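Along the sequence shown, residues carry numbers from 1. Keep in mind that the numbers below use all heavy atoms, side chains included, and drop hydrogens, waters and symmetry copies. Please read all numbers here as calculations on a predicted model, not as lab measurements.
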Amino acid sequence: MTYPDTYYRRTLADEKVRPPLAGPAECDTVVVGGGLAGLTTALQLARAGQQVVLLEAESIGFGASGRNGGFVSPGFATGSDKIAAMAGGTAARELHRLSIEGVDFVRQTIRDLDITAAKPRPGIMGVLRHDGGAELKAHAERLALDFSYPLEYLERDQVRAVLHSERYYQGLRDANAFHMHPLNYLRAVGVEIERLGGRIHEGSSAIEARLDGPRKTIRTASGEVRARQAVFATGGYTGPLVGRLKRAILPIATYVMLSEEAPDLIASAIATTDAVGDNRRAGDYYRVLEDGKRLLWGGRITTRAASPAALASELRREMVGTYPQLATLKTVLAWSGLMAYARHLMPQIGELQPGVWYLTAFGGHGINTTAIAGKVVAEAILGQSDRYLLFAPFGLAWAGGPVGLAAAQLTYWKLQAQDWWRERPR
């Protein structure tokens with residue numbers, strides 16, 4: 001198996017290796033990309049009785065889908081006001097409902113397939129690093145009014161009762177959201193696809209795509225698949241196979257570290273099993289693992305992949321700046337992963353040409369959005385719905401190439417400066 005050394009790799013529930021594609025294959029739909037979007041698409045198609053072949057260049061869940069923070073909560077990386085400005089208010093509300101449905105879909109899949117190895121834990125807290133309770137409370141009230149979606153508003157003393165840090169002010173707790181082991185979830189979905197008759201081939205990088213005409217052909221180094229429908233579900237590791245997809249995303253790196261076992265020390269700072277994220281554009285996100293024995297801490301983004309060890313020192317500075325009592329907590333592992341971002345900060349989901357579908361740019365959106373994207377694309381292929389058209393305003397706009405990457409890094413630094421200015425002592 002070709003996985004980076006992560007906590008999730010070290011705690012895999014199974015070691016199954018799937019063979020590369022060998023020779024010709026025929027199917028209804030071929031899916032390129034074995035992350036959450038591709039696997040969900042294949043799962044839903046296989047559930048409907050389609051013959052599906054999924055091609056993954058490495059191992060399923062190799063990319064960001066299998067090495068992220070494990071948060072499953074509604075919403076998108078960009079704000080609702082910006083979404084409404086691009087898509088209209090009605091569509092923005094429908095999109096948010098889809099993101100809520102994505103949370104429920106992942107939870108239900110865990111239940112239906114009895115994926116105990118996903119280890120789902122309820123509760124995610126979003127906290128402010130500046131005093132802004134009135135705005136946060138108004139946000140919770142809007143969600144309750146518009147979507148009947150309850151969030152628990154937490155005053156500063158309630159936040160600090162469980163997060164023993166002077167950095168935090170008010171917060172919102174989402175009891176419906178949860179966090180989990182993403183790689184074990186993905187691998188269990190893969191098992192179910194195969195049980196339903198689908199084929200998954202790892203180590204099968206797509207090197208040629210012939211997409212015109214009623215039959216689409218995807219070729220690998222050792223075989224080819226012919227299908228009526230082709231789905232491209234690649235992210236931060238997207239190659240040049242389909243130029244429009246490659247040009248429409250920016251590969252952005254994020255970083256995660258894992259602590260040693262130190263339950264008493266960790267509990268002195270973090271007295272909750274909820275996952276936690278702060279309100280900054282690329283803020284901290286973290287959660288305790290193994291019944292409080294370890295701490296997983298993520299954050300930072302860069303447009304050029306840096307050494308995980310070097311970035312771990314920056315993550316440690318952020319952790320200790322937030323929780324000085326964790327200064328002696330040792331880091332035992334750090335890793336990075338590439339996420340795909342679009343210029344408009346929304347997922348890119350649609351039909352490239354008749355019978356050719358794409359799902360990408362899920363950076364910053366979370367597991368729920370990636371999953372619901374696979375569900376709506378499968379619905380479109382099966383003729384069940386056209387809900388994927390809600391994402392039509394967020395098309396495959398050119399991301400800017402190297403200039404776009406430089407602009408993204410400058411924007412991140414600008415946002416960091418704005419966060420610092422807002423949080424500065426007064």
Fill in: Side-chain touch Val256/Trp297, heavy atoms, less than 4.5 angstrom
no
Item to complete: With Arg18 as reference, evaluate Glu56, Glu194, His201 under the side-chain hydrogen bond (donor to acceptor under 3.5 Å, both in side chains) test and give the passing residue.
Response: Glu194
Practice prompt. Would you confirm whether Thr360, through its side chain, and Thr234, through its main-chain N or O, come within 3.5 Å as a donor-acceptor pair?
Written response: yes
Worksheet item: Does Arg343 count as lying over the ring of Phe394, i.e. NZ or CZ under 6.0 Å from the six-ring centre, within 45 degrees of the axis?
Response: no
Fill in: Nearest atoms (heavy-atom pairs only) where Ile218 meets Ala206
CG2-CB, 3.6 Å
Practice prompt. Show your working on side-chain contact (heavy atoms from CB on, under 4.5 Å) between Tyr388 and Ile381 and close with a plain yes or no.
Written response: CA-CA 10 Å; Tyr388 78 96; Ile381 291 172; over 6 Å; no
Item to complete: Could you check whether the rings of Tyr285 and Phe71 sit parallel, tilted or perpendicular, using 30° and 60° as the cut-offs?
Response: perpendicular
Item to complete: Would you check if the side chain of Asn368 reaches a backbone N or O of Ser73 as a donor-acceptor pair within less than 3.5 Å?
Response: yes
Worksheet entry | Salt-bridge present (Glu208, Arg219; N to O < 4.0 Å) | yes
Worksheet item: Could Arg167 and Glu318 be called an ion pair, given the rule that one side-chain N must be under 4.0 Å from one carboxylate O?
Response: yes
Worksheet item: Taking 4.0 angstrom as the limit, do Glu15 and Arg9 come out as a salt bridge?
Response: yes
Worksheet item: Any donor and acceptor pair, going by atom type alone, linking the side chain of Glu202 with main-chain N or O of Ile60 inside 3.5 Å?
Response: yes
Worksheet item: Does Ala342 offer a backbone N or O that forms a donor-acceptor pair with the side chain of Gln348 under 3.5 Å?
Response: no
Item to complete: Using a cut-off of 6.0 Å, state whether more than 12 heavy atoms not belonging to Arg210 lie near its atom CZ.
Response: yes
Worksheet item: Do you know which two heavy atoms are closest between Leu21 and Ala25, and how far apart they sit?
Response: CD1-CB, 4.3 Å
Worksheet item: Does the pair His181 and Thr11 meet the rule for a side chain to side chain donor-acceptor pair (under 3.5 Å), with working shown?
Response: CA-CA 9 Å; His181 190 302; Thr11 52; 2.8 Å; yes
Worksheet entry | Ser204 versus Pro20, closest heavy-atom pair with distance | OG-CA, 3.3 Å
Item to complete: State whether the side chain of Arg93 and the backbone N or O of Asp146 hold a donor-acceptor pair below 3.5 Å, judged by distance alone.
Response: no
Worksheet entry | Basic-acidic side-chain contact under 4.0 Å: Glu26, Arg215 | yes
Item to complete: Could you tell me whether the side chain of Asp5 reaches within less than 4.5 Å of the side chain of Arg10, counting heavy atoms only?
Response: yes
Worksheet item: Okay, side chain of Ser205, backbone of Ala57: is any donor-acceptor separation there less than 3.5 Å?
Response: no
Discussion item. What I want to check is whether the side chains of Gln108 and Asp112 have a donor and an acceptor closer together than 3.5 Å.
Written reply: yes
Worksheet item: Would you say Asn184's side chain and Ala117's backbone share a donor-acceptor pair under 3.5 angstrom?
Response: yes
Worksheet entry | Lys375 with Glu101: basic N within carboxylate O range, under 4.0 Å | yes
Item to complete: Measure the shortest side-chain to side-chain distance between Arg67 and Phe62 over non-hydrogen atoms and say whether it is less than 4.5 angstrom.
Response: yes
Worksheet item: With distance as the sole test, does Asp174 use its side chain to make a donor-acceptor pair with the main-chain N or O of Ile124 at under 3.5 Å?
Response: no
Fill in: Side-chain donor/acceptor of Thr40 to backbone N/O of Ala37, under 3.5 Å
no
Worksheet entry | Minimum heavy-atom distance between Ala118 and Tyr185, given as atom pair plus value | CB-CB, 4.2 Å
Discussion item. On a heavy-atom basis, which atom in Leu54 and which in Ala42 lie closest, and how many Å separate them?
Written reply: CD1-CB, 4.1 Å
Worksheet item: For Met346 and Leu95, which heavy atoms make the closest approach, and how far apart are they?
Response: CE-CD1, 4.4 Å
Worksheet item: Would you find a donor on one side and an acceptor on the other, under 3.5 Å apart, between the side chain of Gln353 and the backbone of Leu211?
Response: yes
